[in-house]
Trainee: 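One structure coming up, written as structure tokens, with questions to follow.
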Amino acid sequence: MSRKPVLALVGATGAVGGVMIDIMNARQDWPWGEVRLVASPRSAGKKMTVRGEELTVLALAPEVFDGVDIAMFDVPDEVSARWAPIAAERGAVAVDNSGAFRMDPDVPLVVPEVNADQIASRPRGIIANPNCTTLSMMAALGALHHEYGLRELVVASYQAVSGAGQVGIDRLHAELAAVAGKQVGARAGDVREALAAAGLSQEDSPFSGPVVLNVVPWAGSLKDDGWSSEELKVRNESRKILGIPDLKVSATCVRVPVVTTHALAVHATFERPVTVAEAHKIFDAQPTVVLVDDASDGRYPMPADVVGEDPTYVGRVRQALDFPNTLDFFVCGDNLRKGAALNTYEIAEKLADELAG
């Protein structure tokens, strides 16, 4: 391709779309000849700035994909399910951040640090971006798997309220205001009573219980045998990304009173012995992983220190006492950046390199 590729961002005015534009504005390399911002008709005409250029948001329609080489989708599942194939029919490669195509056998599920080779295998012209929970651990886990061969995975996630969208953020802030300055939590029902007194009905919450001064052991929708959709995503997506269809996986997903950045406690068993020192070397060698691991000095990853950052942060690396060939470690990743927008954009950059080469 002699010209620079044309990039479209569908969902430019949404929460993840805004993060995507921030990421694009901060990139040093700029492979794009043109950028088109696309959103629903009600957002059409809005002005947004990309790399110092004021762009007008276009209404989502088939013709906006004419001449587009790569189209990034940061929209709900049902919108992607309809429009990503249309973009592909018009000649674009669709990079989709929704859950619409993740488990489609004809759509690769890509984390560039782990399985960038899958980008070239896209019979439908669509590439899927994993769920933010899975993504938060994948750079670190994939690096270990490459060296030691992952066999079993047990994960507990501590998921930020922004994973539920703006409504989750608004709910946490409202609940914080309701309990601020009050002595609550000394007896059962205190928090619920404080929320009710502030006019906050549980029925209006995106969460099944109070999220302030509490943790809710549930994220997603109910599936068979008591599993949640988020827990099954961790299982199914890990298998597909790592190329281990029979990987043993068990996950428990928990919602915590954090605005942004998911955290995960990972228990990973490998085919070959691995030490903490060896794991440290592997993590240190990964450009998108930051190792913070000094418990004696109180240094380990925490969401408050990771929000707004691009890398995955890893710490609390321990050799499991009673499980051979097993490591336990703690991971934090900004669910709106690497967990969504950044990984999507990194896939688009890989595609730009492919088109240029």
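Note: hydrogens, waters and symmetry copies are ignored here, and every other heavy atom, side chains too, is used.
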Trainee: Any side-chain donor-acceptor pair under 3.5 Å between T133 and K233?
Mentor: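 Side chains of T133 and K233: no pair found under 3.5 Å.
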Trainee: Check the pair K350 / E354 against salt bridge (charged side-chain N to carboxylate O under 4.0 Å, His left out), numbers first and verdict last.
Mentor: CA-CA 6 Å; K350 292 289 187 183; E354 174 190 306; over 6 Å; no
Trainee: Within the supplied structure, the quantity of interest is the number of heavy atoms (other residues, nucleotides, ligands) at a distance under 6.0 Å from E78 CD; does it exceed 12?
Mentor: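 Result for CD/E78: enclosed.
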Trainee: If two hydrophobic side chains count as joined below 4.5 Å and joins carry through other members, does V211 share a cluster with L200?
Mentor: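 They do share one cluster, since a chain of ILVMFWY contacts under 4.5 Å joins V211 to L200.
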Trainee: Just wondering, more than 12 heavy atoms not from H146 lying within 6.0 Å of its NE2?
Mentor: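 Counting neighbours around NE2 of H146, 12 or fewer heavy atoms of other residues, nucleotides or ligands fall under 6.0 Å, so no.
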Trainee: I'd like to know whether NZ of K182 has more than 12 heavy-atom contacts from other residues, nucleotides or ligands below 6.0 angstrom.
Mentor: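 Atom NZ in K182 is crowded, with more than 12 foreign heavy atoms closer than 6.0 Å.
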Trainee: Is there a donor-acceptor pair under 3.5 Å between the side chain of D190 and the backbone N or O of G185?
Mentor: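 Yes, the answer is positive, given that a donor and an acceptor are paired below the 3.5 Å cut-off.
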Trainee: May I ask you to check whether E230 and Q159 show a side-chain donor-acceptor distance below 3.5 Å?
Mentor: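 Result is yes, a qualifying pair exists.
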Trainee: Would you give the length of the straight line joining atom CG of N129 to atom CG of L135, rounded to the nearest 0.5 angstrom?
Mentor: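 Interatomic distance, N129 CG to L135 CG, rounded to 0.5 Å: 5.5 Å.
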Trainee: Can a side-chain donor-acceptor contact be found between S80 and D96 if the only test is distance below 3.5 angstrom?
Mentor: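 There is such a pair (donor and acceptor under 3.5 Å, judged by atom type) between the side chains of D96 and S80.
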Trainee: Using the salt bridge (charged side-chain N to carboxylate O under 4.0 Å, His left out) rule, pick out the option among R3, R36, R90 that qualifies with D69.
Mentor: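 Running salt bridge (charged side-chain N to carboxylate O under 4.0 Å, His left out) over R3, R36, R90 with D69 returns exactly one hit, R3.
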Trainee: How many angstroms lie between CG in L232 and CG in D224, if you round to the nearest 0.5 Å?
Mentor: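 One gets 8.5 Å once the value is rounded to the nearest 0.5 Å.
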Trainee: In terms of hydrophobic clustering (I, L, V, M, F, W, Y; side-chain heavy atoms under 4.5 Å; direct or indirect links), are I347 and V111 co-clustered?
Mentor: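 They do not share one cluster, since no chain of ILVMFWY contacts under 4.5 Å joins I347 to V111.
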Trainee: State whether R124 and D104 are salt-bridged, where the test is any N-O pair (Lys NZ or Arg NE/NH1/NH2 against Asp/Glu carboxylate O) under 4.0 Å.
Mentor: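 Here R124 pairs with D104 in a salt bridge, since their nearest N and O are under 4.0 Å apart.
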Trainee: Looking only at atom types and distance, does a side-chain atom of E237 sit under 3.5 Å from a main-chain N or O of N131, one as donor and one as acceptor?
Mentor: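 Yes, the answer is positive, given that a donor and an acceptor are paired below the 3.5 Å cut-off.
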Trainee: Using a 6.0 Å cut-off, check whether atom CZ of R42 has over 12 heavy atoms from anything other than its own residue.
Mentor: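 Atom CZ in R42 is not crowded, with 12 or fewer foreign heavy atoms closer than 6.0 Å.
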Trainee: In terms of hydrophobic clustering (I, L, V, M, F, W, Y; side-chain heavy atoms under 4.5 Å; direct or indirect links), are M48 and V50 co-clustered?
Mentor: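 M48 and V50: one cluster.
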Trainee: Counting only N and O atoms by type, is there a donor-acceptor contact under 3.5 Å from the side chain of S238 to the main-chain atoms of V234?
Mentor: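 Indeed, once roles are kept as given, a pair shorter than 3.5 Å links the two residues.
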Trainee: Could you tell me which non-hydrogen atom of P5 sits nearest to which non-hydrogen atom of P31, and how far apart they are?
Mentor: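 Shortest heavy-atom contact: CD-O, 3.3 Å.
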Trainee: Show your reasoning for whether side chain to side chain contact (heavy atoms under 4.5 Å, CB included) applies to W227 and C253.
Mentor: CA-CA 10 Å; W227 294 98; C253 292; over 6 Å; no
Trainee: Test your reading of the model: is there a side-chain donor-acceptor pair from W218 to the backbone of G220, 3.5 Å cut-off?
Mentor: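 Between the backbone of G220 and the side chain of W218 there is a qualifying donor-acceptor contact (under 3.5 Å).
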Trainee: When you check the gap from the basic side-chain N to the acidic O, do R187 and E193 get nearer than 4.0 Å?
Mentor: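 Answer for the salt bridge query: yes.
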Trainee: Can you list everything that forms a side chain to side chain contact (heavy atoms under 4.5 Å, CB included) with T260? Sequence neighbours excluded, please.
Mentor: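 Only S162, V307, D334, N335, L336 meet the side chain to side chain contact (heavy atoms under 4.5 Å, CB included) criterion with T260.
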Trainee: If I take atom CE from residue M103 and atom CG from residue N236, how far apart are they, to the nearest 0.5 angstrom?
Mentor: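 M103 atom CE to N236 atom CG measures 4.5 Å (nearest 0.5 Å).
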Trainee: Report the distance from atom CZ of R255 to atom OG of S157, rounding to the nearest 0.5 Å.
Mentor: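 Spacing of CZ (R255) from OG (S157) equals 8.0 Å.
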Trainee: Can you tell me if T288 and E113 form a side-chain donor-acceptor pair at under 3.5 Å?
Mentor: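 Side chains of T288 and E113: pair found under 3.5 Å.
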Trainee: Nearest 0.5 Å, what's the CG-OG1 distance between N25 and T49?
Mentor: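 Separation between the atoms: 8.0 Å.
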Trainee: Main chain of G11, side chain of D74: is a donor-acceptor contact present, judged purely on distance under 3.5 Å?
Mentor: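 Such a contact is absent between D74 side chain and G11 backbone.
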Trainee: Closest heavy-atom contact between A139 and T312?
Mentor: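 So the two residues come closest at CB-OG1, 4.3 Å.
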Trainee: Picking from Q118, E346, K240, what satisfies side-chain contact (heavy atoms from CB on, under 4.5 Å) with V110?
Mentor: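 Answer to the side-chain contact (heavy atoms from CB on, under 4.5 Å) test with V110 among Q118, E346, K240: Q118.
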Trainee: Flag yes if Y148 and V266 sit in one hydrophobic cluster, no otherwise; membership is Ile, Leu, Val, Met, Phe, Trp, Tyr, and two members link when side-chain heavy atoms are under 4.5 Å apart.
Mentor: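 Cluster IDs for Y148 and V266 match.
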Trainee: Check this for me: does any side-chain nitrogen of one of R318 and D328 sit under 4.0 Å from a carboxylate oxygen of the other?
Mentor: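 No salt bridge links R318 with D328.
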Trainee: Hey, what's the ring geometry for Y158 with F330, parallel, tilted or perpendicular (30° and 60° as the breaks)?
Mentor: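 Because their plane-to-plane angle lies in the 30° to 60° range, the rings of Y158 and F330 count as tilted.
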Trainee: More than 12 foreign heavy atoms under 6.0 Å from CG of D297: is that the case here?
Mentor: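 Yes.
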Trainee: Hey, is R27 close enough to E349 for a salt bridge, meaning N to O under 4.0 Å?
Mentor: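 The answer is yes: the pair qualifies as a salt bridge.
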Trainee: For the pair D293 and R299, evaluate side chain to side chain contact (heavy atoms under 4.5 Å, CB included) and give the outcome as yes or no after the intermediate values.
Mentor: CA-CA 6 Å; D293 196 11; R299 296 182 67 250; over 6 Å; no
Trainee: Might you work through the ring pair (Phe, Tyr, Trp, His ring centres under 6.0 Å) test for H267 and F323, ending with a clear yes or no?
Mentor: CA-CA 10 Å; H267 177 91; F323 301 87; 4.8 Å; yes
Trainee: Is it true that E231 and R235 make a salt bridge, defined as a side-chain N closer than 4.0 Å to a carboxylate O?
Mentor: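 Result for this pair is no, no salt bridge flagged.
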Trainee: If the plane angle is over 60° it's perpendicular, under 30° parallel, otherwise tilted; pick one for W32 and Y345.
Mentor: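 The arrangement is perpendicular - the two ring planes meet at more than 60°.
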Trainee: Could you give the distance from OG1 (T344) to NZ (K338), rounded to the nearest 0.5 Å?
Mentor: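 It is 9.0 Å, given to the nearest 0.5 Å.
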